[in-house]
Asker: 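Please find one structure pasted underneath; my questions will follow.
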Amino acid sequence: MGAFGQRLAHVRPQALGLALLLADAEELPRDLRRDHRRARPAALAIAVKGAPTVVISGEALEDLSPLGPALNGEGAPYAVIHDAHRTLGVLRRFGLEVQRFGCTLTAATLLAEGADGQRDDRELAPLVQDHLGQELTDGLRQGLVPSALERTITPIAAARAELLVPLIRRLVPLLRERRLATIFELECNLIPAVLAMENAGFALDARALQRLVDAWRLERKTAEEPKRISRLDKLISTLGYWPRDYVELDGRIRCRLHPLATDSGRFSCQSPNLQQVPAEHTAPGVRGCFVAPPGRRLVIADYAQIELRVAAHIARCRTLRQVFVDGRDVHRATAAGLARKPEEEVTDRERKLAKAINFGFLFGMGARRFREYAANSYGLELDLRAAEAARDAFFTTFPGIAAWHGKVGALSQRARSEDVTVHTILGRRRRFPAGTFSFNSALNIPVQGTAAEGFKLAMIDLHRELQAIDGQGVLVIHDEYIAEVPEERAEEARGIVQRTMEAAMARVIPSVPIVAEAHIAGSWAEK
DNA sequence: ATGGTAGATAGC
DNA sequence: GAATGCTATCTACCAT
């Protein structure tokens, strides 16, 4: 309990709420989750089966007494809501009774987001001054951009978070009972690392990005090839306004990271979505605009074939596991199985095909779909027979994977008439209500989710380890971690990042060796 | 004018 | 028996 209290001292209330929300995400309507994400800092939700649904917000931190009855299980589900109109609408749609709402943080949110002209509830502004004080209104007058404003709000509200400790105390036994305590604790521990990452932002050479955008606009005028035109349009429309709208006065770009918004446990990212910045092969130069400032370096790290390794563990596939235990090349191993020859004799083309096979068939892709996939992603033309042969070879090479597919496939019978739930290693759940089962999701979510959990454990450790050497994570992209570190300690940091990532994931995936690769760079584009 | 969705395309 | 999955954001389109 004391541990929770300490953590909460660092916690932005909306983030805490999301953690609570996640504790049983499967029980909460997806729309509501999305609404929280968009509206933050707005309402928070706690949903635990068998307990009342509680939605609270910053204001509730000042006055917890109304929560008593709800937490005691007396009375109706209780809600205190700030993002008045939209959140109320969502809650009512789901039949949640709303007994009270306030507007302190809503006002802050509205003003923060109003900077881009999206909001019109300006009459709430005076309340901000009453409740959040001079610091915030000064920030507004100085024309702070929205994300900076939000960071101004955060410490003020977080200072009151300790009041939530009694609430947590009641929640924990319920979480234990549902075997959600582990994942809950993980998400709570993660929050400071995520907040620090959001606050740090990524240094961006905005002028260089602007030059790229200008070049695309110029090319667009004379481009003829439809494919090229649509790509240019996409790039211009998504990246064109980043330099103006997202780069802050300190020359850094900041996104919102959401550890709790997805079914799988991966992060989502928005405003802007830095998790889909075009790679070099799509739009050369873009990642090169994401840089380390003078005196600093980037450490860029990612896990090697993490999904295959996690799948080997979950499926208990001995042959796939053995590939990694031996330190062999997994794509080469598949190619050898397909071509019926030793791994040393595999050609480049065979290995490329094997790579497509490994990623495609692992999560239940069919031969027909695989043809498209191989053609689009790898430039490999196959007829249906070849695709089927590839599929057979994959399952013959890794019989444990075939058995795992069989086991999951067997669930689909039962799933027609009853709920089916799949789990990650640490206990995150995805429930499929009767009739909604998806074979592919049931394969994918435990693997993707378990990988995400190992990565989140790593992020917690990385946050601490990097702090000690004046380093700071700046972005995560599913299996990739980017940190900014002092130039003179870059090599040391590289080792720390690599070892920390490997060790944390290994705690979740004990039966398969984990490999992370890390390098030092001046920009995101450097290999 | 605003709101919701489909499809395409970007990431992993 | 067959079945990749998880996202965000843009444009186009249709409905209110």
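Proteins come first, then strands; the chains are lettered A, B, ... in the order of their sequence lines, and each starts at number 1.
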Asker: Taking the side chain of Q276(A) as its heavy atoms from C-beta onward, which of dC12(B), dT4(C), dA10(B) lies nearest to it?
Answerer: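 The listed nucleotide nearest to Q276(A)'s side chain is dA10(B).
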Asker: Which part of the nucleic acid, if any, lies within reach of G366(A) when heavy atoms closer than 4.0 Å are counted: base, sugar-phosphate only, or nothing?
Answerer: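 G366(A): backbone/sugar contact only, no base atoms under 4.0 Å.
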Asker: Who passes side chain to side chain donor-acceptor pair (under 3.5 Å) against S438(A), sequence neighbours left out?
Answerer: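 S441(A).
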Asker: Would you kindly give the CZ-to-P distance between F359(A) and dC12(B), to the nearest whole Å?
Answerer: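 Answer to the nearest Å: 11 Å.
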Asker: Do H519(A) and I300(A) make a side-chain contact, defined as non-hydrogen atoms from C-beta onward lying under 4.5 Å apart?
Answerer: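 Yes, their side chains come closer than 4.5 Å.
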Asker: Can you measure R391(A) atom CZ to dG1(C) atom C1' for me and round it to whole angstrom units?
Answerer: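 For the pair R391(A) CZ and dG1(C) C1', the rounded distance is 10 Å.
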Asker: Expressed in angstrom and rounded to an integer, what is the separation of I477(A) atom CD1 from dT7(C) atom P?
Answerer: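 Spelled out: CD1 on I477(A) to P on dT7(C) is 18 Å.
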Asker: Is the shortest side-chain N/O distance from S438(A) to OP1 or OP2 of dA3(C) below 4.0 Å?
Answerer: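 Looking at the OP1 and OP2 atoms of dA3(C), neither is under 4.0 Å from any side-chain N or O of S438(A).
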Asker: Which of the following nucleotides, dC12(B), dT4(C), dG1(C), is nearest to the side chain of H478(A)?
Answerer: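 For H478(A), the side-chain atoms sit closest to dC12(B).
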Asker: Got a sec, which pairs hit salt bridge (Lys or Arg N to Asp or Glu O under 4.0 Å) with one end in residues 385-404 of chain A, sequence neighbours left out?
Answerer: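 Every pair satisfying salt bridge (Lys or Arg N to Asp or Glu O under 4.0 Å) with a residue in residues 385-404 of chain A: there are none.
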Asker: R252(A) vs E484(A), test: salt bridge (charged side-chain N to carboxylate O under 4.0 Å, His left out). Steps then yes/no.
Answerer: CA-CA 12 Å; R252(A) 303 180 73 92; E484(A) 186 188 296; 2.9 Å; yes
Asker: Working to the nearest 0.5 Å, report the span between CG of L298(A) and CH2 of W524(A).
Answerer: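 With rounding to 0.5 Å, CG (L298(A)) is 10.0 Å from CH2 (W524(A)).
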Asker: In this structure, how many angstroms lie between the P atom of dT4(C) and the CG atom of N376(A), rounded?
Answerer: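 So the two atoms are 13 Å apart, to the nearest Å.
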Asker: Among dA3(C), dA10(B), dC6(C), find the nucleotide with the atom closest to the side chain of R231(A).
Answerer: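 For the R231(A) side chain, the nearest candidate turns out to be dA10(B).
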Asker: Could you tell me whether V447(A) contacts a base, only the sugar-phosphate backbone, or nothing, with contacts defined as non-hydrogen atoms closer than 4.0 Å?
Answerer: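 Nothing, no nucleic acid heavy atom in range.
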Asker: Verify whether the ring centers belonging to Y241(A) and Y246(A) lie closer than 6.0 Å.
Answerer: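 Ring centres of Y246(A) and Y241(A) not closer than 6.0 Å.
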Asker: Looking at R266(A), does any N or O in its side chain come under 4.0 Å of the phosphate oxygens OP1/OP2 on dC6(C)?
Answerer: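 For dC6(C), neither OP1 nor OP2 has a side-chain N or O of R266(A) closer than 4.0 Å.
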Asker: Between atom CD in E388(A) and atom C1' in dA3(C), what is the gap in whole Å?
Answerer: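 Nearest whole value for this atom pair: 14 Å.
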Asker: For N273(A) and dC12(B), give me the distance from atom CG to atom C1', rounded to whole Å.
Answerer: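 Roughly 11 Å, once rounded to whole Å.
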Asker: For the side chain of K227(A), counting heavy atoms from C-beta on, which of dG5(C), dT4(C), dT9(B) is nearest?
Answerer: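 Among the listed nucleotides, the one closest to the side chain of K227(A) is dT9(B).
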Asker: Name all pairs fulfilling the salt bridge (Lys or Arg N to Asp or Glu O under 4.0 Å) condition that reach into residues 225-241 of chain A, sequence neighbours left out, sorted by first residue then second.
Answerer: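 Qualifying pairs, neighbours excluded: E219(A)-R228(A), R220(A)-D233(A).
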Asker: Between the base of dG5(C) and the ring of F363(A) - centre-to-centre under 5.5 Å, planes within under 30° - is that a stack?
Answerer: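 Base of dG5(C): not stacked against F363(A).
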Asker: Give a yes/no answer on whether the side chain of N444(A) brings an N or O atom under 4.0 Å of OP1 or OP2 in dT4(C).
Answerer: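 Answer no for this pair, as no side-chain N or O of N444(A) is under 4.0 Å from OP1 or OP2.
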Asker: Report yes if the distance between the aromatic ring centroids of H331(A) and F359(A) is under 6.0 Å, otherwise no.
Answerer: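 H331(A) vs F359(A): aromatic centres under 6.0 Å.
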Asker: Testing F395(A), F363(A), F361(A) for side-chain contact (heavy atoms from CB on, under 4.5 Å) with H405(A), which one passes?
Answerer: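 So the option named by the test is F395(A).
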Asker: Distances under 3.5 Å only, N/O to N/O: pair up the protein atoms with those of nucleotides 10-12 of chain C.
Answerer:
unit_1  : atom_1 : unit_2  : atom_2 : d
dC10(C) : O3'    : S237(A) : OG     : 3.2

Asker: Got a list of protein N/O to nucleotides 2-7 of chain B N/O distances below 3.5 Å?
Answerer:
none

Asker: What contact category does A283(A) fall into here, base, sugar-phosphate, or nothing, at under 4.0 angstrom with non-hydrogen atoms?
Answerer: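 Result for A283(A) = nothing.
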Asker: Reading DNA chain C from 5' onward, which residue's closest nucleotide shows up sooner: Q448(A) or S412(A)?
Answerer: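 The residue mapped nearer the 5' terminus is S412(A).
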Asker: Does any pair with a residue in residues 435-455 of chain A pass salt bridge (Lys or Arg N to Asp or Glu O under 4.0 Å), and if so which ones, sequence neighbours excluded?
Answerer: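 Passing the test, one end in residues 435-455 of chain A: R428(A)-E453(A).
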Asker: How many Å lie between CD1 on I445(A) and P on dT4(C), as a whole number?
Answerer: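 To the nearest whole Å, that distance equals 16 Å.
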Asker: Please state how far atom CZ in F437(A) lies from atom P in dA2(C), giving the value in whole angstrom units.
Answerer: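 Interatomic distance, CZ of F437(A) to P of dA2(C): 16 Å.
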